[in-house]
Structure formats: C-alpha cells, structure tokens
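Chain identifiers are assigned alphabetically (A, B, ...) following the order of the sequence lines, protein sequences preceding nucleic acid strands; residue numbering begins at 1 within each chain. Since the structure is predicted, the reported quantities are computational estimates derived from the model, not experimental observations.
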There are 2 protein chains.
Amino acid sequence: MESSSGKPSLGEFELIDRYFARRANGPAPRGDVIVGIGDDAAVLRVPPNADLVAAVDTLVEGRHFPAGSDPRSIGHRSLAVNLSDLAAMGATPAWATLALTIPAADAEWLEGFSSGLLRLAADHDVTLVGGDMTAGPLTVSVQILGFVDRGGALRRGGAAAGDLLAVTGTLGDAGAGLALRMGRMSTANRAAADELIRRFEYPAPRVAFGATARGVASAAIDISDGLAGDLPKLAAASGLAAAVDVAKLPLSAAMRSVVPESEAREFALAAGDDYELLLAVPPERFDELAAAAHQLNLTLTAIGELRPGNGVMWSMHGVFYAPAVRGYDHFR
Amino acid sequence: MESSSGKPSLGEFELIDRYFARRANGPAPRGDVIVGIGDDAAVLRVPPNADLVAAVDTLVEGRHFPAGSDPRSIGHRSLAVNLSDLAAMGATPAWATLALTIPAADAEWLEGFSSGLLRLAADHDVTLVGGDMTAGPLTVSVQILGFVDRGGALRRGGAAAGDLLAVTGTLGDAGAGLALRMGRMSTANRAAADELIRRFEYPAPRVAFGATARGVASAAIDISDGLAGDLPKLAAASGLAAAVDVAKLPLSAAMRSVVPESEAREFALAAGDDYELLLAVPPERFDELAAAAHQLNLTLTAIGELRPGNGVMWSMHGVFYAPAVRGYDHFR
C-alpha cells in the first residue's frame, strides 16, 4: 500500500492497511485467495464442481444497531448477518468484502470494529479480500462469498406439503436484548439481561448446521426479519400454506425469566436479530436433523407444518392466534 | 416475493421486486445465474479454468456525487466504478449485487436509479443477482463479480523498469464536469460543458480494453483517485519509480475550450472520476496495444515510463513539475 505521505494523519489507504489488510492477510489466509486486499479487485479460486454463493447485507446506524454501539459488536454483526444468509443456503463461506462508510477515521473505533469482524471471520475460515472505506454516515455493507456443491444449494422454494416447519435455537432473545439495551425494557435479573443483550450484539450464525441440513431439509430461510416476516416468504416460494402453533416456539430460559410468556412469544414472532434458521423438513427426516443439530449443541424445534394452499395460519393450542406484529420492513 | 400485505404503501420487498428483481431477471438474464434475486443468497456458476474476480465500491451522497443528482446518473456511476475495477484486472464482469441505503422509498427516484444501473448492466451483460435495501442516508454499494482466465489477472505489481506508462482516453474531464455542475466553474461554451458534465455523470468503464490489455500490459490500475493518487500505487506495487511528462497528459478538446491548459493539467492529475485506466506496457508492445485501443474508439497515450527506484517524478518538457494536488483521500 501507498505510504508516500509525510503527513501525520492516517489516510484512507493507511487505515485500510493498518486495520484490515495486514490482519486479513495475517496468520492464515486461505490458499484460494490469489489476490487479496491491495489491488483493484480480489482474485479467488472457486473449487471445481462447486457453485458460487453470494449475498450482501447492510447495517445502518440507528436502524440496525443503536448509535454508540460497541464497534466490536457492529463488526461482528455486519459479518454474522451475511454468514447467516449463506447458512440458509447450506453454503460454506470463504471470502468477504467490506464497504465501510464512517463519519471519521477514529482509530479506537476501527480497532474495535475490525477486531469484531475479523475474529468472526477467522472462526469461520473467511478471509477479507477487499473493501472500500468512505467518509459519511455510519453504514456497513459486507458481501459474503462462498460455495456449495454444484446444484446443491438449499432454497426457499423446495418444500413439499406435509413437511415440518422447524427452527434452530431459541427465538426472540436478540429482540428482547435490544429492548433491554435501549432501555425500553428492564429487569432485575442482570445475568439474563446480559445473555439476551449478548444474543443481539454477538449473534452466532448457524453455518455448520446449514451445511448439515443441505440434502436433508427441503427448504430454508434465515430469520432476519422475524418469523412472522420470513415464514410467509418460505411458504410463498414453495407455493404452500404454513400452519404454526405459536405455543411451540422455542423460548430461552433467559427470556422467560425476564418477560411473561405472552410477551416472549411476540418477541419470538417479531425479532429477526437472532439469525436462527427456519427449515422445512420431511417428517421422516426430522429426528435425523434434530440429532445433527444436537451434535452442534443446537436445538431444532418443530413448530408447525406446510400444507396445500397459501398464507400462514397461526394458532395456539388449536385456537387461532393473531400475531401483534409483522416482520420488520424498512419502508413501512 | 412476498405480497401478503394489504397496505397501500410499497414495502421493502415490493420495491425490490418492482424496481430490481423483475427487471434484473428480465429479458436476458445470464444462463450462469442458478439463483438470482429472491432467495437468501445468489447461486452462480463460474466457468471452468477461470478465477473469480470481486470488487466493491461505495458512493455516498455529498461525497461522490452532489446532493440532488439525477438518480439515473447515480445508478450508472455506482456500477461503472465497479466495472472499472474489473477492467483494471482485465476481467470480464458477470454479476452484481447492490446494497442501497435511501432516506425514503421514492418511486420516481428508484425508477431513475434502477434504470441507470440496469441499463449499464445490460450493456456489459451483467445480471443483478442480489441486494439489500435499507432506510438511511443515501449510500450505494455495488459489489461486482466477474472472471478472468485462471492465473491471468492483470495486477498492479507486474511492471518492469523500462515499461511505458500509458493512459486510456482523456484525463480530467469528469473533474471539470463536476466543477461546472457544482457552479465552481463556468463557461459560455455550453456544448463543451455538457460533454464534460456527461463524462462525470455517465463514465464509460474501459472493460473491453482491459480484457484486451491482459497479456500485453504488464500492470494496470484504474484511475479512481486521480493520476497523482493512483500512479504511486502502481509504481509502489511494482517496486519501481515512475517518471511522467505532464505535457503529455491527454486533454480533451472540450476541456481545452473551457479552461487554460495549466488548469486542465491539474484536473488531469487530480480527478479520478473519468475512470480511465493507467497501464504499464513493454515499449515493444505499445503500438500493438494502441492499435487495439483504436479498434475500440479509444486513444492510448504514453505519458512516461517506469524506472528503478521509488516515488514519482513529475516533469514538464524536462523541467521538474510540482502538482498542486494529490489524489483524493476521504480521510485527509
């Protein structure tokens, strides 16, 4: 990288070099990165007999995270939300690019942000291969690239009538964590609050499970806009109706200790920030998939099924249930 | 896409569907797009014996384009700057994803923006395969994906001492166009002004020429931060010094008709918005490459050469020349 400047302040290129390039090309870059950060574009080698899988997601300050959030969490989440998209395809992540817009070149902030992003990248053997840093309102776009066996990607539209609907982990925790973090909610149970806030700040994308589910599940989507927002997409893409018993929604002990069950259910329906997966699973293969989840210290919970028709029928113990909320939409 | 809402206003998913998905998957989507817009991620098929090439660039309102710019131009430029990065690698673009952050879902704005982006995409046989739309300050990140013959990417660091430095087209026009557009400069020559402003608003990335230069040029970089900003990067990456005769910088007739030559030279040194290419070319192959450029209605101008050492020596007719400007840096 350029270092021709005698000025004391760090410019764009020095910043990228210090906080991203040196570290991204650090101890163990992937062997399939032919050209990484520092040229006009990255050059990457996709394995033979694999399809390339690509996704992009943006976090905007004040929309996706509160102003003043820990930059380490922002870095973590900016990659996690993209890893979650690849998990939903059953794909293996490999490379990422970063488009970072920040108001000012704050070294402490960049240190935290890059640490959060690159730590999670290392956990998933993802190499940061390029990026762009511009001055402006805090906006973080990460593009994730990965691959999947040729023709083997897990789609939203592959479900059949009779397939069970299943979700990983517990739902709503991150939404409750954000409410606690923002002071919209409070609790005397500090340990539970910390756990819920941590679920918002450091979501664990279900990458390993997604890869395992490929070839077993018939369809999948990541719950990024809330179950009430994302389930209709899976059902519509599969040309089916969905029936869900909200009494079956998996709720964490931390959540139950902080709010009444009725409120917990609403978090579980509305909050997408957990980045759990919603899957359609042929009934005869559910136990096999639940066992695979268990191997990964993850629960898999059946919450309903797919039927001929369209739309979503929510019920509780057999009685119609009207969710108070819809999934998050940025433009409503 | 989801359409379960009875509300009259268009939500995120309907907007993406109306302005991007239907059109991107329109008349002639690429055959190598296995899954396009509408799933958690795109699934793409990279040709055998090719390397994947990936780049990302962001445009921020008020930084990269004036507030209130024609959305069609913003759409065009957001893709053009990325195509230019692939051109500099000698790569062929194929797919793009879009991370669009906009203050409000303005249908007229989206119509213009998507038309500008998708028109240029169609010109280069690029399919928009995914994206993310969020509410916030206007920020546009496009990620471009393409490919290049395995091991054949054109790098910044491949130049040898004695190679000629050459640039495509004319330099500085877009910078002058922006100055005119912003009212920082004026002219009675309306035709020249229109031509220069058009160079800023609708740059033509040198994709076909970049692919031609691969295997002939020894190194390349796109001039996105101005020649004075980008030449040092190519020289440093190649471990060489650069000597440039600024009298040789190619200036357009429109530019010459609007400002004195001395001012035109400063635009040529400072303005990167033309998105021309800077190349290192072995002297014995310069004529061949210039002829190839001519076939594409493009000029190729030798402006200097690479020598042992480091740094950049600017001169004019053999006399030392100190550029008034450095390349643009967002954080200085």
Side-chain angles (χ1 to χ4, degrees), chain A residues 2 4 7 9-13 15 34-35 39-46 48 51-58 60 62-64 85-86 88-89 91 95 97-99 101 105 129-137 139 141 143 145 148 153 155-156 221-222 232-233 236 311 329-332, chain B residues 2 4 7 9-13 15 34-35 39-46 48 51-58 60 62-64 85-86 88-89 91 95 97 99 101 105 129-137 139 141 143 145 148 153 155-156 221-222 232-233 236-237 311 329-332:
Chain A
E2 175 190 38
S4 59
K7 297 182 189 177
S9 72
L10 286 175
E12 177 184 2
F13 305 106
L15 289 168
I34 314 301
V35 178
D39 215 305
D40 288 81
V43 181
L44 310 163
R45 198 151 287 172
V46 176
D51 284 333
L52 175 68
V53 183
V56 62
D57 257 318
T58 302
V60 178
R63 292 269 166 182
H64 302 90
D85 280 326
L86 255 57
M89 305 298 286
W95 315 294
T97 62
L98 166 68
T101 303
V129 295
D132 183 31
M133 205 154 88
T134 52
T139 308
S141 276
Q143 183 194 32
L145 299 169
V148 68
R155 307 278 310 265
R156 292 180 180 179
I221 187 172
D222 84 318
K233 294 176 205 161
D329 187 311
H330 296 285
F331 296 100
R332 282 180 203 281
Chain B
E2 175 192 37
S4 60
K7 296 183 188 173
S9 72
L10 287 174
E12 178 184 2
F13 306 106
L15 289 167
I34 313 303
V35 178
D39 214 306
D40 289 82
V43 180
L44 310 163
R45 197 150 286 172
V46 176
D51 284 333
L52 175 68
V53 183
V56 62
D57 255 319
T58 301
V60 179
R63 292 268 167 185
H64 301 90
D85 280 326
L86 255 58
M89 305 299 284
W95 315 292
T97 63
T101 303
V129 295
D132 183 31
M133 204 153 89
T134 52
T139 308
S141 278
Q143 305 76 30
L145 299 169
V148 68
R155 307 278 311 265
R156 293 181 179 178
I221 186 172
D222 85 318
K233 295 176 205 163
D329 187 310
H330 296 284
F331 295 100
R332 283 183 201 283

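Side-chain contact, B:Thr139 with B:Thr101: no donor N or O sits under 3.5 Å from an acceptor N or O.
The contact between B:Ala153 and chain A is made entirely by side chain atoms (from C-beta outward), counting heavy-atom distances below 4.5 Å. Interface residue B:Val56: backbone and side-chain heavy atoms are both found under 4.5 Å from chain A.
Here the side chains of A:Ile34 and A:Leu44 are not in contact, with every heavy-atom distance at 4.5 Å or above. At a threshold of 4.5 Å between non-hydrogen side-chain atoms, the residues B:Ile221 and A:Asp40 count as touching. You'll find the side chain of A:Thr134 stays beyond 4.5 Å of the side chain of B:Arg63, heavy atoms only.
Note: A:Val35 leads A:Val148, A:Leu98, A:Val35, A:Leu145 in heavy-atom pairs under 4.5 Å with chain B. Each of B:Pro137, B:Ala237, B:Pro48, B:Ala91 has some count of heavy-atom pairs under 4.5 Å with chain A, and the biggest count is that of B:Pro137. Top candidate by heavy-atom pairs under 4.5 Å with chain B, chosen from A:Asp222, A:Leu52, A:Leu86, is A:Leu52. Interface summary for chain B: among A:Gly130, A:Gly311, A:Gly62, A:Ser141, the most heavy-atom pairs under 4.5 angstrom belong to A:Ser141.
Atom CG of A:Asp57 and atom CD of A:Gln143 lie 11.0 Å apart (nearest 0.5 Å).
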